A.B. asks: 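First the structure, which I've put down as structure tokens, then a few questions once you've had a look.
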Amino acid sequence: MRFYHLFSAAALLSATTLWGQTWTVGNTTLTESDLVTGVNLPWELLWGPDDHLWCTTRPGEVLRIDPSNGSYTTVLSLNVMNNGNGEPGLLGMAMHPDWANTPKVYLVYCTGSGWNGEERLSAFDWNGSALVNEEVLLTLGAGGIHNGSRLLVLPDHTLLMTAGDLGTSSNAPNLNSLQGKILRLNLDGSIPADNPFPDSYVYTYGNRNTQGLALGPNGLIYASEHGQNSDDEFNIVTAGGNYGWPDVQGFCNTLGEQAFCAANDVTEPLMAWTPCVAVNGIEYYDHPAIPEWQNSVLMAVLGGLSGAYERLSVLHLNADGTSIESEEQFFSSFNQRVRDVAVNPYTGAVYVAFNGVSYPGSGPNIIKEFKNEAFASNVEWVPEGPQLTAFPNPNFGMLTVQFPSTSSTSRWEVVSFSGKRVAAGTVQKTEWTINTSAWSAGPYFLRITDGNRTQTLTFTVQ
Ligand SMILES: [Ca+2]
Ligand SMILES: [Ca+2]
Ligand SMILES: [Ca+2]
């Protein structure tokens, strides 16, 4: 939980004008700053329900970063397979959606050495200062390449995990193998009863090495997937889908592919990139802080083996999110592999993790912040304040809110994780209810502005 108060925008603007390089996005100016420097191979960047920025590093550390100043603590150190040349290590991360009651962090990491290790999906308890009590939920193969491992919690509180083909392409179409798939689990590691194949973790197949996952509008799930030499892909994830690898690369556009696609109901990507640019972490952006990027997917692009195409791509979506209308590219001039991206749900600032100049990456690296100061400068975090509560959480239709003071200036609003305001009103009583029954499932912020102070909590609608 965080509290805000308004302060002098003029003072901050003059300071950042002095210190930050700026980037122009249409009518918006983004100020660049180095949030964290000297970090070795940041892999997953995640905005946590504790309002900190969490980061995994491929050599095995989990960092919990204060987004206001970049200071961080190392909350877990793992011994991982990290052969220096390849792709394994500590990789994907996700948080339990009911954080207030179940503060668990999910991690994927590779153990062992060489090309025949083990990849573990584990849950850890957050005790307020460290990740403890590892519980291994699932093990599969790990290798020098194609370890997948991106995680995403869905609104129904199941967990998607991407699993790479480990360099053996015949794994991908084989429904008896967990490699070359997107898997779906319950948060306790069991198989969801409504998975597309009975008693199987498999959610999609025919995937080579998917390393980007994000929730989009209208319940859509997006994925980015590495191609071999051609056809990096951006896909919509649908239960039971066959994504074609290794028989089809990208679109069904050769004679052989067309025959295979017709016989095997292959799902084609929304977009493909040839030659490969190495697509990675993705995040749906709809925050008003950068209006030019609303309803887009921000995609980290590593740049391929030659390191020629590194950038943050902005994939502008159509109104319902089912197609890409255009791609814009930013930050190529750093000549740094872009591994992952995260969004501050309050300020709309974008965090970008860099991974060195060439494949497979080397440290030290920087996590940069790109922020529209004109939008963000009227709020500042302060540590304490009066207690805002809301229940039940998760919520099934009616949210009861309690706030121990009212005044003629107190306002409340509910904002989705992507920054859209879905409800608002004036605080007239110390307890009231909000009807959530028509809202999309997912996480929301409840925010109360009381005089010069704002207080926020997160809750989930199921
Ligand atoms: Ca991320
Ligand atoms: Ca495909
Ligand atoms: Ca093709």
Side-chain angles (χ1 to χ4, degrees), residues 42-49 52-58 62-63 65 67 90-95 105-108 148-153 160-162 164-165 169 172-173 180-182 204-215 222-238 241-262 264-276 279-285 297-301 312 338-345 350-355 367 417-418:
W43 206 91
E44 174 70 71
L45 267 190
L46 193 63
W47 186 269
H52 278 64
L53 189 65
W54 292 62
C55 177
T56 65
T57 70
R58 199 148 64 75
V62 179
L63 313 180
I65 303 164
L90 170 58
L91 303 171
M93 175 168 58
M95 268 73 169
V105 173
Y106 298 84
L107 293 168
V108 178
S149 86
R150 196 65 76 176
L151 295 176
L152 177 69
V153 176
L160 291 187
M161 171 181 176
T162 68
D165 72 1
S169 61
K181 306 291 185 303
I182 298 178
T204 71
Y205 62 107
N207 302 106
R208 183 173 176 273
N209 188 24
T210 304
Q211 293 198 311
L213 278 178
L215 281 174
Y222 298 121
S224 69
E225 178 171 333
H226 293 284
Q228 186 167 39
N229 298 303
S230 67
D231 295 295
D232 283 341
E233 297 180 355
F234 185 85
N235 287 300
I236 290 178
V237 178
T238 53
N242 176 3
Y243 288 77
W245 175 254
D247 300 283
V248 180
Q249 302 184 52
F251 297 99
C252 303
N253 59 349
T254 68
L255 282 179
E257 287 178 338
Q258 284 164 357
F260 185 90
C261 292
N264 294 279
D265 194 21
V266 168
T267 303
E268 295 184 276
L270 298 192
M271 191 175 245
W273 290 263
T274 298
C276 287
V279 296
N280 220 263
I282 58 175
E283 199 70 61
Y284 178 67
Y285 192 92
V297 171
L298 309 181
M299 183 171 73
V301 177
L312 183 74
V338 180
R339 174 62 73 178
D340 199 18
V341 55
V343 176
N344 182 317
V350 173
Y351 304 99
V352 179
F354 293 90
N355 263 199
I367 300 169
F417 250 54
S418 53

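What you see is a predicted model, and the numbers here were worked out from it, not measured in a lab. Numbers here simply count residues along the sequence, with the first being 1. We count ligands from 1, going down the list as the structure has it; atoms in each ligand are counted the same way.
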A.B. asks: Backbone or side chain, does Ser230 get an N/O/S atom under 3.0 Å to the Ca ion (ligand 3)?
C.D. replies: no
A.B. asks: For the Ca ion (ligand 1), give me the closest N/O/S atom belonging to Asp340, just the atom name.
C.D. replies: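 Asp340's closest N, O or S atom to the Ca ion (ligand 1) is named OD2.
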A.B. asks: Can you give me the O-the Ca ion (ligand 3)-OE2 angle for Phe251 and Glu257, to 10°?
C.D. replies: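 Roughly 100°, rounded to 10°.
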A.B. asks: Taking backbone and side chain together, does Glu44 place any N/O/S atom at a distance below 3.0 Å from the Ca ion (ligand 1)?
C.D. replies: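 Looking at Glu44, which is the residue asked about, there is an N, O or S atom under 3.0 Å from the Ca ion (ligand 1).
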A.B. asks: Do Leu298 and Val350 touch side chain to side chain, with heavy atoms closer than 4.5 Å?
C.D. replies: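 Yes, side chains in contact.
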A.B. asks: How about Thr267: does one of its N, O or S atoms come closer than 3.0 Å to the Ca ion (ligand 2)?
C.D. replies: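 Of the N, O and S atoms in Thr267, none lies under 3.0 Å from the Ca ion (ligand 2), which means no.
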A.B. asks: Please find out if the Ca ion (ligand 1) and some N, O or S atom of Leu45 are separated by less than 3.0 Å.
C.D. replies: yes
A.B. asks: Hey, could you give me the CH2/CD1 distance between Trp47 and Ile65, rounded to the nearest 0.5 Å?
C.D. replies: 10.5 Å
A.B. asks: Looking at Glu44 and Asp340, would you say the former's side chain and the latter's main chain have a donor-acceptor pair under 3.5 Å?
C.D. replies: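 Judged by distance alone, no pair lies under 3.5 Å.
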A.B. asks: Would you confirm whether Thr267, through its side chain, and Tyr243, through its main-chain N or O, come within 3.5 Å as a donor-acceptor pair?
C.D. replies: no
A.B. asks: Parallel, tilted or perpendicular for Tyr284 and Tyr222, by the 30°/60° rule?
C.D. replies: tilted
A.B. asks: With a cut-off of 3.0 Å, does any N, O or S atom of Glu268 fall short of it relative to the Ca ion (ligand 2)?
C.D. replies: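 It does not: Glu268 brings no N, O or S atom closer than 3.0 Å to the Ca ion (ligand 2).
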A.B. asks: Within the stated cut-off of 3.0 Å, is an N/O/S atom of Thr254 closer than that to the Ca ion (ligand 3)?
C.D. replies: no
A.B. asks: Contact between Met299 and Val338 at the side-chain level, heavy atoms closer than 4.5 Å - yes or no?
C.D. replies: no
